[in-house]
Structures are given as structure tokens and as C-alpha cells.
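Note that this is a predicted model, so its numbers are computed, not measured. Labels below follow one simple rule: chain letters A, B, ... track the order of the sequence lines, proteins then strands, and each chain is numbered from 1.
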Amino acid sequence: MHTLIKGVDMRRFLLFLGVLIFIASCKKKETYEYQITPQNLYPTNAGKVKLKTDGQYVSILYANLFQTALSSNELFRITQCIESVGDKDLVREVIISNFMNKSDVILPTNEEMRADIDAFLEATYERFYVRKMTEAERTWFRNYIESNPNVTPELVYFSFALSNEYLFY
Amino acid sequence: MKRRNFIKKAAAVTAGAFAVPYILPSGRLFASSGSQLAPHVVYVLFAGGVRQQESILQGYLDQSQGLNIPGNIMYNMLNGAPPSQKIVYGTDGLLEGDTPIPQILGQTLEQQGTLFPEVISSSAGHYGGLNALLQGNTLFTQGLKQKPINPTIFEYARRHLGLPASKVWFVGNGIGNSTPLLNYSNHPSYGADYGANFFAPTITFGQQGIDHLSNAKIYHPEEELSPIYQMKYFLDNNFRNVGGEVPGIHNTEEEKQDIKAFMEEMYIKTQNGTISHPPVTDNGDLVTVGYACEVMKWFKPNLTVINLSAVDGCHSNFTGYLGALHRADHAVGHIWNFIQTQVPEMAGNTAMIITPECGRNLMPNPIEDQNDWKAFDHSDANTRRIFTQMVGPSIPSGLRVGSETNQVGISADGAPTIAEILGFKQEIMSSGLLAGNAQSLFDRI
């Protein structure tokens, strides 16, 4: 015996409702997967509290300028040279200028630097300081390079290699 | 008392206090006025552990190897005839070492100056001994690889005379035994700001230096160097905000350029063979002295300290020790002769003080050399026997103070003696940082 509610066949209604629920329940559910976009994270200069040893300084400097490792024998000899001079600032300056005099030192060209000063500065900060530059540093350096036609990548590299922050890690 | 009388008497007493000579605890009549006896001092830290028996006592083989052959092998410094037999300390002739090096000085330093033949060394070791000589203090508790804890004579001189770094030099025999650490102390009131410039010439101007320091690129001072420094100062200022200060002595930019010019000149002279070496230059001490002479000629320092060490080979080779001692004397003779003849700004107004950092043992160790002679270490009471010699303006000539039975002076006396010569004795004596019994040698005469 069929139950009628105001002319609606209750059994058909329930069947229709069941199909409706079935269809709705089969709808593909959207899922979200969260992943990490690769990022180079750098510390700030405030975290640099340890002074590099003479050996660390020389080996890192060599790697930064020549994109290759210094031999252990040369490292030992150059470290001895640093020890043999009292004014470490001075002897580092002499060592850098000796490196800069070598033909295989790898430097960007002046044209490359001036074509995109921001990119050059970002790369230089990351190479020497292993950190991002601040906006204040960007502004100062950009202005300085733009207003000084004599400034070359070599001089910029020299100043970074000679700076105090480069002596710390 | 009336006010006027009181003022009169007070003024008289005050004036009297300044005018009337007073006796100091040292026995001298007047306190040091701060006036200089000489504007330049050369301090030779002599040789690296010298036995009294072969130096002051001129025993040669007599008091070491049981051979009755005495003689003086330091005839630039000391009066006395050289040995007559078994000559092994010279240069090679028919036999190894059989040709003594000719005397450089017409008059020995003993004739020209004052000799303290029996001085007490505070240390039986090199580093402790060097610290006592340079600090005027025997509380050298720091070990190797550590900076001195009390100020060195370099720091006293720079601070109390206001000298720039390029006027105070330490020329080391090498970089071993923490020698490069001795150019300034960690003392909070002195330290790196008053440190001395330092070279270890056998390294700086040796093959390592030639390979890695001599081929520096020349930068234009205004167009290239100036931007480098401007950018560096900007970077340093930023880093200073987070506390990044680098320890070490600092020359001014002008001094740096001068030192770099000196280094370039030295590499050229080294390659040309024109360094002011002593007539015989066949060991590290003599090489060191050649460059020390160049430093004096170039910078005319107010204080030059030269460290010699070759005689320390006595640990294992007595024959070599005799040769090194003979050469150390040759080196000292050359320094004095060079100052008087090649550096007009220092000739006649330079004082030189020579003293070993420690002595050597009375009894030998078991090691025998090629002549079957026994070697000597430094650890027993004989090690505490050293000497001090000084020569120059206001230093009595031909004077001998003390004897084998009457030791006069300690190794820490060097610093206050230099202070008296350069004119800051009061400051160093009142610093409270010297050994309690350290005195200027002038006060011991």
C-alpha cells in the first residue's frame, strides 16, 4: 500500500532524494597541499660574532675571488705571511692586491655591473657577506656607484674583502 | 693666624716642596723629570738562552766539555781574547767553522758602555723570559698562544710618549713560540691601540712573502684606493652598529702606505741582494738583523726591539750553539755599527740594550754533536744567570756593575730602563704594573 502526501508518491520522493544525495556525495572534494617554495635564507650581520681565523679568511677569500679552493700548502704559506706582519689590516690589503693581480681572478665586468647595479650588489652581498643587503645599503651603494665612474667591480670586491664584517661569521 | 700670614706660609711651604730636592726610595736625588736621555732605543733580546759560561765567563770549551780551552767568541760585545784552539764557531775555511768572523767594532760594547755581568733571569723558558723583558713584570701567567697580560714596553712607550705605531717596531726572529703575540698585551688600559708594528722578516721577506706579498697590484691613491676605503668605511660603520670590532694594531692610512712602500722596497732589495745584512749572513738571526737595520733606516723608530734565537740549537748541538753565539755577537756589532754609520738620524742619539731572556743549564744533557760535545737545555739554577749590556748617550762607558758573587739586576729591569732613556720613567714606575723589584738599571749603578 502506497502512502500519498498531497498527491506525491512518497516512495518515489525518497528514491529521488536518495539519488540526489548520492550524486552530491560523489562530488570531487578539493584538497589543498601546502609546499615550500625554495628560498635562500640568510642570517643578518647581527649574528656574526665569531672572528674567522687567518686560515678561514684566506681560504674563503680565495674561493670568493677565484671560484675554486686554495691548496692546503698555499693556505699554510699565506697564513704564515699574515702571522708575520703586525698590522693585520695592512697585510690583508697586500694579500688582496696580490690576488687581484692574478690573471685568473673572476670578476664581473664594469659594463655588467652598471647594466644592473641592484643585481650586482645583491650578488656581491651574498657572495661576501652571505646575507641580503638592507635597503639602506642598497641605496647608499647604488648612489655611490652611479656617482663615481671610477668605481669598478674590482674596487667593490676589494672593499668587501677588506671590511670588518667579512672577518666574522 | 691672620689670613695674609696663612697664605704667605702656605705659599712658602708649597714652593719649598717643589724646590727642595727630595730623596726617593730608589736612592736617587730627583724624580725623573721626564726628559730623555736619548730619543731612540734598540733593545736586543739576545739569542735564545745563553750560558754565562760561554758568554760573560768566556769559557768556550773549558766550562762545558772538559777541555781546557777558554776564550771569548763575543768580541764585539765583550773584552777578551778569542780561543786559540779547536775553532769551530766561524765560517767554513779548510775545515767547517774554522774561520772566525772578523770583529766589526773598533771598540767593544763593554768598552763603550755599561755591563751588568750577573743579572737574575726570572724565567727558565723563552716565552716567560721574553715576557719579563718586554713587560717588566714576572707575573706572566699566560701560556703560549696568549697575549701578554700586562702591558709591554711598546704600549708604555706609545701611550706615554704619544708615539704613532710606525715609530715602535718589534722585529721577530720568526713566528714560532708565539713571538708575534708579543707586540701588545690584553691589558684593558693599554692593549692593541698602543701595540707595535711587527715583522718576522724570514717569513715576510722570505720565500713565502715573495710568493704571496710581493706582487701587489698598484692602485691609484685618489682614483682607486680612496673609493676602496670609502666603501670599506661605509661597510665597517654598518657593522660597528652590531658590535663588530676587529682587534689589532692600526696604522693610519699614511703609515700604511709608508709601510707598504717599505715592503715593496724590501722585495726589490732582496732580489737585488742589497739588504743591509751583516758581513756574514748565514743564519736566521743575521737575516733578521739585516731587515731590522732596514726598518731602522726607513722609519727611524723611537723603540726597536729585535729578537734573536739561534743559540737555542744548544738543546741538541753544542758546536752549532757556539757558532750561533758568535753570530749573535756579530749581529749586535753590525746593528751598532749600522746605526752609527748608516742612519744619521739615530747616530749618536741611540741607546742599545742587550740581554738574553734566559740562561742555560750548568750540566749537559746526553745529546752529543759531531764533535762529541754535549748539549745543554735550560731548566736549572744556572739558567737564571744572564747579563745585560747597555751603550749609548748618558750611559757610563767601561763600567761593570756586579759580579759572580754579587748579582745586580733582574730581567724585568729592561722595561723601566728603556722608560728612563725615553723619558717616561715616572709613568711606568707609578703604573703599578711592573714587578715589585724591577728598577731602572740607572738606579742600580
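Ranked by non-hydrogen atom pairs under 4.5 Å with chain B, the options V91(A), I95(A), N101(A), V156(A) are led by N101(A). The most heavy-atom pairs under 4.5 Å with chain A, out of Y233(B), F234(B), Y219(B), come from F234(B). The candidate with the highest count of non-hydrogen atom pairs below 4.5 Å against chain A, out of I249(B), L213(B), L225(B), D211(B), is L213(B). Most heavy-atom pairs under 4.5 Å with chain A: of the set A216(B), G172(B), G248(B), S214(B), this distinction falls to A216(B). When Q230(B), H212(B), Q208(B) are compared by the number of non-hydrogen pairs under 4.5 Å with chain A, H212(B) comes out ahead. Among P227(B), P180(B), G209(B), the residue with the largest count of heavy-atom pairs under 4.5 Å with chain A is P227(B). Comparing L181(B), N215(B), T204(B) by how many heavy-atom pairs each has under 4.5 Å with chain A, the most go to N215(B). When each of A161(A), C81(A), S97(A) is checked for heavy-atom pairs under 4.5 Å with chain B, S97(A) comes out on top.
Residue pairs satisfying the side chain to side chain donor-acceptor pair (under 3.5 Å) criterion with at least one member in residues 187-196 of chain B, sequence neighbours excluded, are listed as follows: H160(B)-Y190(B).
Applying the salt bridge (Lys or Arg N to Asp or Glu O under 4.0 Å) test to R92(A) and every residue at least two apart in sequence or in another chain returns D89(A).
Between the side chains of E224(B) and N150(A), not a single donor N or O lies within less than 3.5 Å of an accepting N or O. A side-chain N or O of N251(B) and one of N197(B) form a donor-acceptor pair less than 3.5 Å apart. Counted by atom type alone, K147(B) and N183(B) present one or more donor-acceptor pairs between their side chains at under 3.5 Å. No side-chain donor-acceptor contact under 3.5 Å links Q135(B) and T152(B). In summary, the side chains of E74(A) and S71(A) do not present any donor paired with an acceptor at a separation below 3.5 Å, with no hydrogens or angles considered.
Looking at V151(A), the atoms closer than 4.5 Å to chain B (heavy atoms on both sides) all sit in the side chain, from C-beta outward. Of the two parts of V49(A), neither the backbone nor the side chain holds a non-hydrogen atom closer than 4.5 Å to a non-hydrogen atom of chain B. Heavy-atom distances place both the backbone and the side chain of L162(A) under 4.5 Å from chain B. In this structure, no portion of F99(A) lies under 4.5 Å from any heavy atom of chain B. Interface remark: T179(B) contributes no atoms to any contact with chain A (heavy atom separation under 4.5 Å). Using a 4.5 Å cut-off between heavy atoms, P247(B) touches chain A through its side chain atoms alone. Using a 4.5 Å cut-off between heavy atoms, L155(A) contacts chain B through both its backbone and its side chain. Heavy atoms closer than 4.5 Å to chain B are found in the side chain of E93(A), but not in its backbone. Heavy atoms closer than 4.5 Å to chain B are found nowhere in N148(A), neither backbone nor side chain.
A salt bridge links K132(A) with E126(A): the distance from a Lys NZ or Arg NE/NH1/NH2 to an Asp or Glu carboxylate oxygen falls below 4.0 Å. Between E155(B) and R158(B) no salt bridge is recorded (no basic side-chain N to carboxylate O distance below 4.0 Å). Salt-bridge check for R240(B) with D236(B): failed, with every basic side-chain N at 4.0 Å or more from each acidic carboxylate O.
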May I have the list of side-chain donor-acceptor pairs in residues 12-23 of chain A shorter than 3.5 Å, sequence neighbours left out?
none

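In this pair, Y125(A) and Y129(A) present their aromatic rings perpendicular. The plane angle is above 60°, beyond the 30 to 60° band.
The ring of F154(B) has its center closer than 6.0 angstrom to the ring center of F170(B).
Of all residues spanning residues 252-273 of chain B, those with a heavy atom less than 4.5 Å away from chain A's heavy atoms are K256(B), Q257(B), I259(B), K260(B), M263(B), arranged by number.
For the pair K52(A) and Y166(A), the cation sits on the ring face: its NZ or CZ lies under 6.0 Å from the ring centre, inside 45° of the axis.
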